[in-house]
Chemist: 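Just passing along the structure, written as structure tokens.
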Number of protein chains: 2
Amino acid sequence: MSGEPAPHEPDAPPLAAQLRARGLRLTTQRQRVLAAVSALEHGTPEEIGARLRAEAGPDGAAPDTSTVYRTLELLERLGLVWHTHLGKGAPVYHAAEHPHLHVVCQECGQISSVDPTLLDAAAERLAADLGFTVDVGHVALSGTCRACAEKSRTEQP
Amino acid sequence: MSGEPAPHEPDAPPLAAQLRARGLRLTTQRQRVLAAVSALEHGTPEEIGARLRAEAGPDGAAPDTSTVYRTLELLERLGLVWHTHLGKGAPVYHAAEHPHLHVVCQECGQISSVDPTLLDAAAERLAADLGFTVDVGHVALSGTCRACAEKSRTEQP
DNA sequence: CTCGTTGCAAAGGATTTGCACAAGT
DNA sequence: ACTTGTGCAAATCCTTTGCAACGAG
């Protein structure tokens with residue numbers, strides 16, 4: 001902690017650079033997967049694959065499912081994307097950009113993004129108490145959204 | 001919010017009562033699964049099943065895997081257990097008892113339980129802002145524990 | 001040209017479901 | 001007895017892996 005250069009740059013971590021630095025290769029697939037993750041706010045591997053198929057059209061070839069998984073894992077290791085487990089099913093991926101907090105309704109599954117500073121106080125407390133560093137990008141708060149709370153109040157009086 | 005009767009009773013929600021109230025039946029399997037969840041602090045469905053097998057011994061019959069899953073779902077709906085997704089793998093279940101917050105290290109997987117009041121401020125903020133009710137029992141904070149933070153500092157200077 | 005990457009297809013693990021029988025009330 | 005719960009086995013869903021061909025540097 002000694003002053004970050006910039007709050008958040010235009011395209012923060014240069015994909016190509018990250019790859020070259022590690023002797024890895026910049027492929028169309030990797031660019032497309034990353035783009036898809038950014039485009040879909042919260043996408044499961046399956047949804048990301050589906051989107052890539054849609055973008056590719058009938059004749060254009062989309063990355064294979066296995067490639068999507070492999071690429072997501074890679075991108076995560078490069079720090080370009082993060083994943084979170086929201087419900088029972090598949091994890092959702094989101095671009096690392098500026099960190100944000102996920103809030104998920106257990107009933108309807110709706111996802112909201114919240115200002116991460118919401119947890120700053122708690123995070124500092126954990127750091128001071130346990131030396132534990134909270135990774136805000138990974139955090140998801142579960143609960144019940146307003147709509148579902150009212151709905152269940154109506155259905156079960 | 002008008003004063004809770006007691007901070008936490010000896011055996012808060014009576015399993016049998018919960019079942020009878022809904023016309024459901026009290027079976028050995030259900031009692032055993034609940035007991036196993038309590039015994040294992042944080043158990044995956046698989047681990048819970050394994051423990052039941054072990055408890056049953058060579059000749060005693062343990063609940064089937066599918067029964068474990070069905071029962072966990074039921075117990076959760078009854079409010080007796082909660083599940084949380086810690087890593088990529090399976091969800092972990094824990095007895096509902098008094099609520100506590102889970103803090104998980106992404107590297108070593110170690111789980112710590114923290115005072116849930118840590119999130120009270122954030123929870124109230126969400127309630128006021130979005131009408132969203134945070135379910136503290138479900139929440140898991142991911143990050144890096146002190147040990148792992150120091151370890152990676154040593155290995156990559 | 002060399003080595004990382006991809007596609008394909010099959011394997012693997014985890015969770016769910018249909019149905020007939022066993023068990024709780 | 002009546003209805004719910006369980007065991008069994010097959011079906012699904014999600015993810016991973018081996019290997020030959022392909023493409024970036």
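Throughout, a chain's letter reflects where its sequence line sits, starting with A, and its residues are numbered from 1.
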Chemist: Dump every N/O contact between nucleotides 20-25 of chain D and the protein below 3.5 Å, one line per pair.
Modeler:
unit_1, atom_1, unit_2, atom_2, d
D/dG23, N2, A/R25, NH1, 2.6
D/dA24, N3, A/R25, NH1, 3.4

Chemist: How close or far is atom P of D/dT4 from atom CG of B/L78, stated in whole angstroms?
Modeler: 15 Å
Chemist: Once side chain to side chain donor-acceptor pair (under 3.5 Å) is applied, do any residues pair with A/H102, and if so which ones, sequence neighbours excluded?
Modeler: A/H42, A/H100
Chemist: Just distance, no hydrogens or angles: give the donor-acceptor pairs under 3.5 Å from side chains in residues 116-130 of chain B, sequence neighbours left out.
Modeler:
unit_1, atom_1, unit_2, atom_2, d
B/T117, OG1, B/D115, OD1, 3.1
B/T117, OG1, B/D115, OD2, 2.7

Chemist: Which whole-number value in Å describes the distance from B/Q18 CD to D/dT4 P?
Modeler: 18 Å
Chemist: Restricting both atoms to N or O, compile the protein contacts to nucleotides 16-19 of chain C shorter than 3.5 Å, with distance only.
Modeler:
none

Chemist: Give, ordered by number, those residues of residues 45-56 of chain B having at least one heavy-atom distance below 4.0 Å to an atom of DNA chain D; if nothing qualifies, reply none.
Modeler: none
Chemist: Can you list the residues that meet the salt bridge (charged side-chain N to carboxylate O under 4.0 Å, His left out) rule with B/E76, with sequence neighbours excluded?
Modeler: none
Chemist: Whole angstrom is fine here: how far is it from CG in A/L72 over to P in D/dT15?
Modeler: 10 Å
Chemist: Residues in salt bridge (charged side-chain N to carboxylate O under 4.0 Å, His left out) with B/R53, at least two apart?
Modeler: none
Chemist: Under 4.0 Å between a side-chain N or O of B/Q29 and OP1 or OP2 of D/dG7?
Modeler: yes
Chemist: For residues 31-38 of chain B, run the donor-acceptor check on the side chains, cut-off 3.5 Å, and write out each pair with its distance to 0.1 Å, sequence neighbours left out.
Modeler:
unit_1, atom_1, unit_2, atom_2, d
B/R32, NH1, B/A61, O, 3.2
B/S38, OG, B/L34, O, 3.3

Chemist: Can you tell me which residue pairs pass the salt bridge (Lys or Arg N to Asp or Glu O under 4.0 Å) test with a partner in residues 33-50 of chain B, sequence neighbours excluded?
Modeler: none
Chemist: Please list, chain by chain and in numerical order, all residues satisfying salt bridge (charged side-chain N to carboxylate O under 4.0 Å, His left out) with A/R70, sequence neighbours excluded.
Modeler: none
Chemist: Measure from CG on A/L74 to P on D/dT17 and round the result to the nearest Å.
Modeler: 15 Å
Chemist: Of the non-hydrogen atoms in A/R25 and A/L19, which two are nearest, and what is the gap between them?
Modeler: O-CD1, 3.7 Å
Chemist: With sequence neighbours excluded, give me every ring pair (Phe, Tyr, Trp, His ring centres under 6.0 Å) pair touching residues 43-81 of chain A.
Modeler: none
Chemist: List the atom of A/V104, the atom of A/A140, and the distance in Å for their closest heavy-atom pair.
Modeler: CG2-CB, 4.4 Å
Chemist: Excluding sequence neighbours, so at least two apart, what forms ring-ring contact (aromatic ring centres under 6.0 Å, His included) with B/Y93?
Modeler: B/H83
